[in-house]
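Below, chain A is the first sequence line, B the second, and so on; all start at residue 1.
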Amino acid sequence: MTSSRTSAADPAAAIRVEGLTKRYGRRTAVDDLSFTVRPGTVTGFFGPNGAGKTTALKAVVGLARPTAGVAFVRGTPVTALRPDARLLGVHIEPCGAHPGRTGRAHLRSLAALAGLPRRRVSEVLGLVGLEDAAARRVGKYSMGMRQRLGLAAALLGDPEILVLDEPVNGLDPQGIRWLRTLLRERAAQGGTVLLSSHMLGEAARTVDDVVVIDRGRLVHQGAMADLERTGESLEDVFFARTGAAGSGGTGGAGR
Amino acid sequence: MRGLLRGELIKAVTTRAVLGFAVGGAAFAVLNALVIAVASGTLDKVPEKEEALSGLPVLLLLWGLVGAAGEYRHRTAAPAALVARRGRGSVLSARIAAYALTGLALGVLTSAVSVGLALPLLGDQPGPALTAGDVGAVVAGNLVAFVLSAVLGAALGALIRSPVLGVVVMLVVNFAVVPLLSGAWEAGANLTPFGAAGVLSRMTHDTTLSVVAAGWVLAAWTAAVALAAVVVERRRDLA
């Protein structure tokens with residue numbers, strides 16, 4: 001494992017993961033994973049299919065209970081944290097909307113659950129470009145539209161921290177550019193983003209820090225700027241650390 | 001907690017399922033009134049006439065079950081838990097309460113159809129007519145059965161998490177296991193949730209369990225299953 005940043009004990013970290021392990025029966029999806037996400041940055045979370053990214057993100061946001069280890073959000077163990085859409089906005093695929101419900105109704109229910117004003121629904125629908133489709137049932141949405149709806153749900157509380165699992169999947173080029181701009185603007189304003197992606201070229205244009213895992217274990221953490229200084233690309237690091245170069249390898253552990 | 005309830009109510013009433021269950025409940029009420037009051041021959045006793053006003057509590061059980069289990073099938077439980085500002089147990093409690101309220105609304109609709117259609121039809125039958133008190137007691141029993149069944153269904157749905165599996169299990173139990181048990185041991189069958197709901201809604205009469213006792217039996221089952229669902233919800237992973 002390589003790491004150019006030893007901030008695992010940094011109390012100012014937006015997200016800190018320490019020794020996170022998640023097992024499903026005899027299968028280990030995440031294995032003693034530790035990394036830190038600095039506030040005011042976009043951190044990319046990368047790994048081959050089945051590396052344990054989604055499982056780790058679910059543990060970070062409190063949806064999955066770790067077998068061992070702890071995830072901290074702003075210094076508080078996530079298991080002790082009261083869910084709050086203003087603190088943590090999450091989009092983990094699929095978008096979590098009933099196909100028989102309209103996009104607006106989906107967001108209205110979440111706004112009510114979160115104690116947010118109803119006007120936020122229209123605001124985020126506008127933000128993600130779904131105003132015209134808001135009255136249509138989610139089952140009629142394209143993949144990109146469902147992705148935008150998931151992002152709208154994550155943005156509903158205008159959260160300090162965004163955790164996004166493969167947010168560019170299904171987005172068209174305009175959508176990818178829009179998302180990149182949105183995430184960079186949020187980081188510039190002090191917000192924090194942790195995102196997973198398989199689109200390394202696009203992610204390299206968006207992220208400040210890089211976390212790479214393989215078979216549930218951390219294999220690299222560092223800054224994009226450090227990579228650029230050494231002349232390595234994100235893709236170089238990804239393939240070198242995961243051993244997936246040219247093999248289409250998928251890693252052994254489940255997601 | 002009001003926000004949680006409002007959010008869960010929005011979810012419960014913004015799919016077409018609520019319309020389907022409303023139509024299904026009303027259709028059953030019409031069919032039941034016609035079959036009992038017209039096609040069952042002479043009804044000269046009050047309990048026989050009351051049966052024409054009975055609803056189908058298992059329909060409300062399915063309403064709660066399909067809705068709550070669908071939260072896991074469609075992965076809508078996770079976004080709710082992530083934004084709710086309360087623990088998962090509170091979110092599930094609000095969801096169950098939402099199904100209780102919508103179950104009450106569906107029950108009122110079904111009872112209105114039953115009473116509106118069956119009472120005129122029963123006017124041709126011999127024997128004592130149903131008094132306003134009789135009708136009120138039947139409607140009250142049906143509404144209690146509907147609400148408790150919706151709550152029981154939502155709690156079971158949260159435990160089972162698969163709408164299809166849940167529906168199959170419930171239909172087999174209601175239409176095969178309980179009738180078989182009832183034939184062999186009527187008192188035991190009445191102590192099942194389905195048996196108690198049948199007594200409470202007057203589908204079953206002249207049996208070993210009083211209506212009030214049936215209400216307590218169904219309430220006990222409902223409370224136990226709802227408690228189990230909340231405890232389990234707080235401990236497990238959400239997809």
Side-chain angles (χ1 to χ4, degrees), chain A residues 22 24 29 54-55 58-59 61-67 78-118 120-121 137-139 149-150 152-154 156-157 159 163 255, chain B residues 1-21 63 66-99 101-102 157 161 163 231-239:
Chain A
K22 180 67 180 178
Y24 295 102
T54 300
T55 300
K58 284 181 179 174
V61 302
L63 287 178
R65 298 184 187 281
T67 308
V78 73
T79 48
L81 202 64
R82 200 163 92 158
D84 187 350
R86 297 162 188 83
L87 172 64
L88 199 57
V90 181
H91 169 48
I92 292 179
E93 283 195 297
C95 70
H98 192 292
R101 196 171 288 136
T102 67
R104 183 180 292 280
H106 171 63
L107 294 175
R108 269 182 56 212
S109 70
L110 292 179
L113 287 162
L116 296 168
R118 197 168 164 170
R120 273 302 290 168
V121 172
R137 295 187 188 277
V138 174
L149 183 63
L156 204 53
V163 176
R255 289 179 71 169
Chain B
M1 198 68 184
R2 282 171 57 192
L4 293 188
L5 183 57
R6 196 164 67 248
E8 292 297 336
L9 275 172
I10 291 170
K11 287 201 279 184
V13 301
T14 51
T15 68
R16 289 177 180 144
V18 68
L19 188 63
F21 277 92
W63 160 246
V66 168
E71 291 279 335
Y72 305 92
R73 180 187 171 204
H74 298 295
R75 312 277 178 95
T76 50
L82 285 168
V83 302
R85 305 193 81 185
R86 300 287 287 266
R88 291 185 201 169
S90 298
V91 177
L92 181 58
S93 299
R95 186 169 302 143
I96 289 172
Y99 280 96
L101 288 175
T102 50
R161 298 208 280 185
V231 169
V232 170
E233 182 77 358
R234 291 169 66 177
R235 291 170 181 232
R236 67 184 167 194
D237 293 349
L238 281 178

If you count heavy-atom pairs under 4.5 Å between each of [options] and chain B, which one has the most?
options: A:A85, A:G100, A:A64; result: A:A64
options: A:R65, A:H91, A:H106, A:R82; result: A:R65
options: A:A154, A:P99, A:G89, A:A153; result: A:P99

Inset, instruction - Establish, from distance only, whether the side-chain atoms of B:T15 and A:R101 form a donor-acceptor pair under 3.5 Å. - result: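 No - no donor-acceptor pair under 3.5 Å links their side chains.
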
Sub-4.5 Å side-chain heavy-atom contact between [X] and [Y]:
X: A:L63; Y: B:D237; result: no
X: A:P83; Y: B:L82; result: no
X: A:S109; Y: B:K11; result: yes

Inset, instruction - Flag yes if more than 12 heavy atoms outside A:R118 fall under 6.0 Å of its CZ atom; otherwise flag no. - result: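 Counting other residues, nucleotides and ligands, CZ of A:R118 stays at 12 neighbours or fewer.
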
Inset, instruction - For B:R73, look at atom CZ and say whether over 12 heavy atoms of other residues, nucleotides or ligands are found less than 6.0 Å away. - result: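 Open.
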
Legend entry - Top contributor to chain A contacts, counting heavy-atom pairs under 4.5 Å, from B:H74, B:R85, B:R75: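 Counting heavy-atom pairs under 4.5 Å, the top option is B:R85.
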
Legend entry - Reported CZ-to-OG1 distance for the pair A:R137 and B:T14, which is rounded to 0.5 angstrom: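 The distance works out to 8.5 Å.
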
Inset, instruction - First locate atom CZ of B:R16, then atom NE2 of A:H98, and finally report the distance between them rounded to the nearest 0.5 Å. - result: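 Nearest 0.5 Å value for the CZ-NE2 distance: 11.0 Å.
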
Inset, instruction - Identify the heavy atoms of B:P79 and A:G96 that sit nearest to each other, and give their distance. - result: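 Closest pair (atom of B:P79, atom of A:G96, distance): CG-O, 3.7 Å.
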
Legend entry - For A:A105 against B:I10, the heavy-atom pair lying closest together: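 Smallest heavy-atom distance, with atoms named: O-CG2, 3.8 Å.
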
Inset, instruction - Can you tell which part of B:R88 gets under 4.5 Å to a heavy atom of chain A, answering side chain, backbone, both or neither? - result: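 For B:R88, the side chain is the part near chain A, not the backbone.
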
Inset, instruction - Under 4.5 Å heavy-atom distance to chain A, tell me which part of B:R235 shows up: side chain, backbone, both or neither. - result: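 It is the backbone, since no side chain atom gets that close.
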
